[in-house]
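Worksheet for the structure shown next.
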Amino acid sequence: NSVIQEITLSGTGASELRPIFANTSGTITITGNTIGSSTANNMSLAGAAYQYGILVDGNGTITCSNNTIQGYNITETSASTLFRGIYNNDGNFTCSNNTIRTINSAGGASTQYGIQHLGTADNATINSNSFSDITLSSANSGINLIHSNTTGTTTINSNTIGSTTNNNIS
């Protein structure tokens with residue numbers, strides 16, 4: 001139950017933010033964490049690199065649940081800038097009941113991800129997550145709120161995209 005807030009990366013160049021980073025081949029459980037706050041632009045990032053909320057780079061059994069990632073303001077516009085709210089590089093992955101909201105990204109010429117799972121023959125279950133108030137201002141970018149790329153089984157269900165606010169994902 002960590003709370004990580006009020007971070008500013010103002011340097012130029014390849015500066016990455018990885019508030020929670022797990023790198024192991026065992027069992028990984030990441031639950032109940034808050035990254036950023038409801039205050040807009042609480043996490044201010046200017047570096048030209050990947051910006052994460054939760055990064056898992058291992059080959060095990062991963063459970064990521066009940067986390068909140070919010071308040072990011074990414075001002076860098078280069079093509080190498082990428083936001084990944086929750087990213088899993090390998091392993092069987094269960095991602096549920098997470099909230100990703102209030103993300104503003106200048107974006108560069110790349111794709112921004114809410115939850116991304118990459119694995120070889122791994123299974124993924126991505127359910128009951130919510131995404132809202134996400135803005136990408138670059139005309140050359142895209143938003144993938146849920147992305148799973150594996151030859152294993154992927155189940156995606158009961159996720160909430162958007163809220164009652166008009167144009168809250170744009």
Side-chain angles (χ1 to χ4, degrees), residues 1-9 14-39 42-45 47-74 80-103 105 110-134 142-163 169:
N1 291 343
S2 302
V3 176
I4 302 166
Q5 299 175 336
E6 302 292 340
I7 294 176
T8 300
L9 295 179
S15 56
E16 288 188 0
L17 176 66
R18 301 174 182 176
I20 297 177
F21 177 35
N23 186 354
T24 182
S25 60
T27 299
I28 302 168
T29 302
I30 301 171
T31 186
N33 300 288
T34 300
I35 301 169
S37 78
S38 58
T39 303
N42 177 263
M43 309 289 275
S44 182
L45 311 170
Y50 295 177
Q51 309 301 341
Y52 297 93
I54 297 171
L55 167 61
V56 179
D57 191 10
N59 184 8
T61 301
I62 298 99
T63 302
C64 188
S65 62
N66 300 307
N67 300 290
T68 299
I69 300 164
Q70 61 189 355
Y72 276 58
N73 184 38
I74 303 168
S80 61
T81 302
L82 181 70
F83 171 77
R84 289 175 166 152
I86 298 173
Y87 175 72
N88 176 51
N89 189 42
D90 207 0
N92 291 314
F93 182 54
T94 300
C95 188
S96 60
N97 299 305
N98 297 288
T99 300
I100 299 175
R101 64 179 172 218
T102 320
I103 308 297
S105 178
S110 60
T111 301
Q112 312 304 311
Y113 297 92
I115 296 171
Q116 184 178 33
H117 166 72
L118 302 177
T120 50
D122 304 313
N123 298 321
T125 301
I126 302 170
N127 64 347
S128 301
N129 300 286
S130 67
F131 307 87
S132 64
D133 300 313
I134 298 172
I143 300 173
N144 287 341
L145 294 177
I146 299 172
H147 175 230
S148 181
N149 186 6
T150 179
T151 59
T153 301
T154 297
T155 303
I156 299 172
N157 63 15
S158 301
N159 296 285
T160 302
I161 298 173
S163 67
I169 297 179

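What you see is a predicted model, and the numbers here were worked out from it, not measured in a lab.
Shortest non-hydrogen contact noted between F83 and Q112 is N-OE1, 2.7 Å. What you find for I143 and L145 is that their closest heavy atoms are CG2-CD2, 3.5 Å. Between G114 and I100 the shortest heavy-atom distance is O-CD1, 3.2 Å. Minimum interatomic distance between G36 and Q5 (heavy atoms only, all atoms of both residues): O-NE2, 3.3 Å. Of all heavy-atom pairs between I86 and C95, the closest is CD1-SG, 4.0 Å. Contact detail for P19 and I35: the closest heavy-atom pair is CG-CG2, 3.8 Å.
Checked by atom type, the side-chain pair S65/T31 shows a donor-acceptor distance below 3.5 Å. Counted by atom type alone, N98 and N129 present one or more donor-acceptor pairs between their side chains at under 3.5 Å.
If you take CG on N149 and CG on L118, they are separated by 5.5 Å, rounding to the nearest 0.5 Å. The line from CG of N73 to CD of Q51 is 11.0 Å long, rounded to the nearest 0.5 Å. With rounding to the nearest 0.5 angstrom, the OG1 atom of T102 is 12.0 Å from the CD1 atom of I69. To the nearest 0.5 Å, the span separating CD1 on I156 from OG on S158 amounts to 11.5 Å. Note: T61 OG1 to F93 CZ = 12.5 Å, rounded to the nearest 0.5 Å.
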Side chain to side chain contact (heavy atoms under 4.5 Å, CB included), that's the test. Do C64 and N88 meet it? Break it down for me. CA-CA 10 Å; C64 188; N88 176 51; over 6 Å; no
Verdict with reasoning, N33 to I4, per side chain to side chain contact (heavy atoms under 4.5 Å, CB included): CA-CA 8 Å; N33 300 288; I4 302 166; over 6 Å; no
Check step by step if side chain to side chain contact (heavy atoms under 4.5 Å, CB included) holds for T34 and Q70. CA-CA 8 Å; T34 300; Q70 61 189 355; 3.9 Å; yes
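Ring pair Y87/Y52 is tilted by interplanar angle, where 30° to 60° counts as tilted.
Between T150 and H117, some side-chain heavy-atom pair lies under the 4.5 Å cut-off. With contacts defined as side-chain heavy-atom distances shorter than 4.5 Å, the pair D122/D90 qualifies. Under the 4.5 Å side-chain criterion, counting only non-hydrogen atoms from C-beta, L17 is in contact with Y72. Looking at heavy atoms from C-beta onward, F131 lies in side-chain contact with I115 at the 4.5 angstrom threshold.
Between the N127 side chain and the N157 main chain, no donor and acceptor come within less than 3.5 Å of each other. In this structure, the side chain of D57 does not engage the main chain of N89 through any donor-acceptor pair within 3.5 Å.
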